[in-house]
Amino acid sequence: MRLALLDRDGVLNVDLPHSVRHPGELAMIPGSAAAVARLNHAGIGVAVVTNQSVVGRGIVSPELLERINDRIRAALDREGGRIDAWFVCPDPPERPTERRKPQPGMLREALIQFRTAPGDAVMIGDSASDLEAGAAAGCRRILVRTGKGAATQARGLAPHLLPVAVHDDLAAAVAALLGRS
Ligand SMILES: [Mg+2]
């Protein structure tokens, strides 16, 4: 494994019904920052691939989105972790491009940037759209039960998405990837 592709909301930070619209609303999921640091220390690239339609819909400006992401960067920094690259899709749902998950455009951009074969990358997300994008890009797939993950699992996963490893949260997923030592 050379590259971890992480969804943001519901994986790194607590998802909100109307999505995070202000830095003050940003709360990390316990253990997620330390898990990113573990990936860093293992020499695995870490990229965030996130749909942020709040930007395309004009609810959150690009500048405000960066301030929200700064909160994530600061939380990671406190644990000695870092995101190596951010891929953000601002498309509104009614006008999606191939970058908006479930399409694999952002994942393919990340694979090119990190010069990584799809089979050496894992998509970790809480929604079926994350798994769809991962499958379309040819990456391994992990579902975390944080965020929408428990509901995604309860709904059942389509056969073409399988196999999907399911873990309670990012910390457990990383522990399984790297071993618990
Ligand atoms: Mg999510």
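Both ligands and their constituent atoms are indexed starting at 1 by order of listing.
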Quiz item: When Lys101 is tested against each of Asp91, Asn51, Asp130 for side-chain hydrogen bond (donor to acceptor under 3.5 Å, both in side chains), which residue passes?
Solution: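 The single option meeting the side-chain hydrogen bond (donor to acceptor under 3.5 Å, both in side chains) with Lys101 is Asp130.
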Which atom, among the N/O/S set of [X], is closest to the Mg ion (ligand 1)?
X      : value
Asp9   : O
Asp126 : OD1
Asp7   : OD2

Quiz item: Does Val144 offer a backbone N or O that forms a donor-acceptor pair with the side chain of Asp126 under 3.5 Å?
Solution: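 Flag not set: sc Asp126 to bb Val144 has no pair under 3.5 Å.
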Exercise. Among Leu65, Val55, Thr97, find the one that has a side chain to side chain contact (heavy atoms under 4.5 Å, CB included) with Pro90.
Key: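 Among Leu65, Val55, Thr97, the one meeting side chain to side chain contact (heavy atoms under 4.5 Å, CB included) with Pro90 is Val55.
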Exercise. Go through the steps to decide whether Ile59 and His18 satisfy the test side-chain contact (heavy atoms from CB on, under 4.5 Å), and finish with yes or no.
Key: CA-CA 11 Å; Ile59 296 166; His18 300 290; over 6 Å; no
